[in-house]
There are 2 protein chains.
Amino acid sequence: MMRFESMETFVRVVEAGSITAAADRMGIAKSAVSRRLSELEERLGVQLFRRTTRRMNLTGTGRSLYERCVNILADVAEAEQAVSREHGKLQGHLRVALPLSFGLLQLGPAINAFLQANPGVEFDLDFNDRQVDLLAEGFDLALRIGDLENSSLMARRLARIRSCVCASPEYLQRAGTPRRPEELAHHACLTYSLVPEPRVWRYRNAAGKAGSVRVPSRLQANNGDFLHRAALEGQGIVLQPLFIVHRSLAEGRLLPLLTEYEWPATSAHALYPHTRHLSHRVRAFIDFLSDWFAEADAKQNGMGF
Amino acid sequence: MMRFESMETFVRVVEAGSITAAADRMGIAKSAVSRRLSELEERLGVQLFRRTTRRMNLTGTGRSLYERCVNILADVAEAEQAVSREHGKLQGHLRVALPLSFGLLQLGPAINAFLQANPGVEFDLDFNDRQVDLLAEGFDLALRIGDLENSSLMARRLARIRSCVCASPEYLQRAGTPRRPEELAHHACLTYSLVPEPRVWRYRNAAGKAGSVRVPSRLQANNGDFLHRAALEGQGIVLQPLFIVHRSLAEGRLLPLLTEYEWPATSAHALYPHTRHLSHRVRAFIDFLSDWFAEADAKQNGMGF
DNA sequence: ATTATTGTTCTTATTAACAGAACAATTATT
DNA sequence: AATAATTGTTCTGTTAATAAGAACAATAAT
C-alpha cells in the first residue's frame with residue numbers, strides 16, 4: 001500500500017513545481033525526493049510526470065492522483081488533530097436528547113464530569129422518552145435505550161443494560177414468591193408502556209431456552225422510576241433495568257425474583273447524524289461517554305452494565 | 001504526519017482484536033506491533049486502548065480514530081487502484097457533450113485512439129455548441145472552449161487555444177491588407193455569434209497594451225468552420241482559433257494578418273460533475289485527453305495549443 | 001494453584017533511507 | 001552560437017530506523 005511519505009512528497013513536488021524546490025522546502029536532499037518519486041511511479045506502474053529533464057509536468061493520471069492525495073492527506077491531518085490531545089479547548093453548545101430515567105440516573109454524573117472538564121461547553125438537555133427526530137429537531141446527539149430501528153443515524157454502543165424482576169418484601173409476604181415465570185400470570189405486575197408488548201415478559205432459562213409469559217397489569221406507566229416507587233410501596237412486581245432498581249436491591253427494600261432466569265438485556269446507544277466529519281465537541285462527548293461507561297463496566301460496580 | 005504503517009497496524013489490531021493476532025496476520029513479530037502502537041499513542045498523546053494486559057478494548061477516542069482510519073485506508077486503496085495500471089479493462093458508456101468544430105477536428109483523433117485502446121468503452125457523443133446542463137441531461141463529461149462561468153462543476157484544462165486573424169489572398173488583393181487593427185473597421189469581417197460581443201475584436205499590441213475594434217459584419221454564424229470556408233472563398237476576414245484555420249494557413253490558402261498583435265487566447269476544458277470519486281472510465285478518459293493534448297503541445301506541432 | 005496466553009521491554013541484527021557528489025540533459029544568458 | 005547555470009537522476013558510503021527474538025510480568029483459563 002502506498003505510504004503517506006510518498007504521497008506527501010508527491011504532493012509537495014507538484015505544489016513546488018520541481019523536485020529541487022520541493023526538496024529545499026522539505027529540508028532533505030533532492031536525491032531522496034527523486035528516489036521517492038520514482039519509487040512511487042514504479043509501485044503504481046504509471047508515469048506521474050512528463051519529464052523534460054528541466055521541467056516537470058503532471059500527466060493526466062498524475063493530476064488525478066494529486067487530487068486524491070491532497071484529500072487523503074487532509075483527512076489524515078484532520079484525524080490526527082481531532083484525536084490528538086492538543087486539540088485545544090472545546091467550546092460551543094451540545095443539544096442532547098436523552099431518556100428520562102437513564103438520563104437522570106446514569107448520564108447525570110457523566111455530564112457533570114464532562115462539564116467540569118470542559119468549561120467552554122454548554123449543554124441543552126432534552127429529557128424525553130419519546131423518540132425524537134434528531135435531524136428535524138436539530139439535536140447533535142440522542143441517547144437511547146433499547147434496540148435500534150433502522151435509520152440513517154450512526155450509533156455507538158455505550159453500555160449494556162440488564163434488567164431484573166423484583167418486588168418488595170411486603171408484597172411477596174402477602175402474595176407469595178413466584179418460583180417459575182409462569183406464576184407471574186397470577187401476580188400484580190407493574191408494566192412499562194414504552195416497549196412493544198408491555199404485558200408480555202420474555203426470558204431465558206438456565207439452559208438458554210427462550211420463553212414468555214403474559215402478565216396481568218393494573219398499573220402501567222411510561223416512567224420506570226414511577227413503577228419502581230410503586231413496587232417499593234408493595235404495589236406489585238416490576239421488570240426494570242438494574243440501573244433503576246439496583247439501589248433498592250442493595251438496600252433490601254426490593255428482592256430479586258426468578259434470578260435463575262435471564263431477563264431482557266439491551267443497550268444504551270449514542271445516536272448521531274451521519275455526517276462525514278463529526279464536530280469536535282460532539283465527537284469528544286461521545287468518546288467521553290464511551291470511556292465513562294467502559295470504566296464503570298470495568299469496575300464491575302454491580303449496576304448491571 | 002502520522003506514519004502510514006502506524007495507522008494500518010492500529011486498524012489491524014482493532015480488527016484482529018489483539019496484538020498477537022494482528023502480528024500473526026501481518027506476518028511480523030508482535031513486539032513490532034506493540035511498539036508501533038505505543039509509538040502512535042505517544043505521538044497523539046492519547047490512549048487508544050484500555051489495556052488489561054490480557055484483553056484490549058478501544059477507548060472512545062480510539063474508536064473515533066479507528067473509524068477515520070478505516071475511511072482513509074479505503075481512500076488510499078481506492079486511489080491506488082484507480083491510478084494503477086492494473087485497474088483492469090475499462091468498460092461502459094461515456095456520454096460526452098462537445099463543441100462542434102473543436103470536437104470534430106481535435107477530439108476526433110483522440111476519441112478514436114481511446115476507443116482503440118479500450119475495447120470495452122462505448123461513446124455517446126453529443127456535438128453541440130450550446131452549453132448543455134451536465135447534471136440535468138446526464139452527461140458524464142462536457143468539453144468546452146472558452147472561459148468558464150462559475151458552476152458546481154470541476155474543470156480540467158486540456159489545451160490552450162490561440163486564435164488568429166486571416167483572409168484569403170484573393171480577398172486581400174481586392175480589398176487591401178490591413179496593417180493596423182483599426183483598419184479592420186473598413187473590411188468585410190466574418191463574425192462568430194457564440195461569443196459575448198461578436199463584432200468586437202480584442203487584441204494586445206507588442207507592448208502588451210489591450211485594444212479593441214468594432215468590425216462590420218454582413219455574415220455572422222454560430223459555426224466556425226462555416227466562417228472558415230467563407231473566408232476561403234474570399235468573403236472576408238475571420239478571427240478564428242488556429243485549430244480551425246491552421247491547415248489553410250499552412251497551405252497558403254489563407255494569409256495571417258496583423259501577426260504582431262496577440263489575438264484572444266482561450267482554453268479547452270473538460271468539465272465533469274463534482275462527485276467525491278469519479279467513475280473509472282470518466283477519470284481515465286479525462287486523463288487520456290490531458291495527456292493527449294499535453295503531448296501534442298510538446299510536439300509544438302503548430303496547431304496553436 | 002497451575003498453565004497458557006497476552007502485551008511489554010530489551011538487545012542485537014537487519015533493513016531501509018538519506019546525504020553528498022558526480023553526471024547527463026536542457027534552458028538561459030552572453 | 002557558445003557558455004554557464006540549473007535540473008533530475010544515479011551511485012555509494014553512512015546513518016538511522018525497524019524488526020526479530022527472547023525474557024518478563026500480568027492475567028485469564030483450567
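The figures that follow rest on heavy atoms only: side chains count, while hydrogens, waters and symmetry mates do not.
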Trainee: Would you mind telling me which residue lines up with the more 5' stretch of DNA chain C, Ile28(A) or Glu41(B), judged by nearest nucleotide?
Mentor: Glu41(B)
Trainee: Specify the separation, in whole Å, of atom CD1 of Ile19(A) and atom P of dA19(C).
Mentor: 14 Å
Trainee: If we ignore hydrogens and angles and just use 3.5 Å, is the side chain of Trp292(B) paired with the main-chain N or O of Ala113(B) as donor and acceptor?
Mentor: no
Trainee: Using a cut-off of less than 4.0 Å, is there contact between a side-chain N or O of Ser38(A) and OP1 or OP2 of dT9(D)?
Mentor: no
Trainee: Between dT18(D) atom C1' and Leu40(B) atom CG, what is the distance in whole Å?
Mentor: 16 Å
Trainee: From CE of Met56(B) over to P of dT8(C), roughly how many Å is that when rounded to an integer?
Mentor: 6 Å
Trainee: Let me know the distance between CZ of Arg35(B) and P of dT11(C), rounded to the nearest Å.
Mentor: 13 Å
Trainee: Please report the distance, rounded to the nearest Å, between CZ in Phe49(A) and C1' in dT9(D).
Mentor: 15 Å
Trainee: When you measure from the side chain of Arg36(A), which nucleotide among dC18(C), dA20(D), dT9(D) comes out closest?
Mentor: dC18(C)
Trainee: Under the 3.5 angstrom rule, does the side chain of Glu15(A) hit a backbone N or O of Phe10(A) as a donor-acceptor pair?
Mentor: no
Trainee: Rounding to an integer number of Å, can you tell me how far Lys30(A) NZ sits from dC23(C) C1'?
Mentor: 10 Å
Trainee: Do the side chain of Ser31(B) and the base of dA19(D) come within less than 3.5 angstrom through a donor-acceptor pair of N or O atoms?
Mentor: no
Trainee: If you only use heavy atoms from C-beta on, which nucleotide in dG8(D), dT6(C), dA19(C) is closest to the side chain of Ala29(A)?
Mentor: dA19(C)
Trainee: Specify the separation, in whole Å, of atom CD of Glu5(A) and atom C1' of dT18(D).
Mentor: 13 Å
Trainee: Are Arg35(B) and Ser6(B) linked by a side-chain donor-acceptor pair shorter than 3.5 Å?
Mentor: no
Trainee: Would you kindly say whether Thr61(A) and Asp287(B) are connected by a side-chain donor-acceptor distance under 3.5 Å?
Mentor: no
Trainee: CG of Leu37(B) versus C1' of dG7(C): gap in Å, rounded?
Mentor: 10 Å
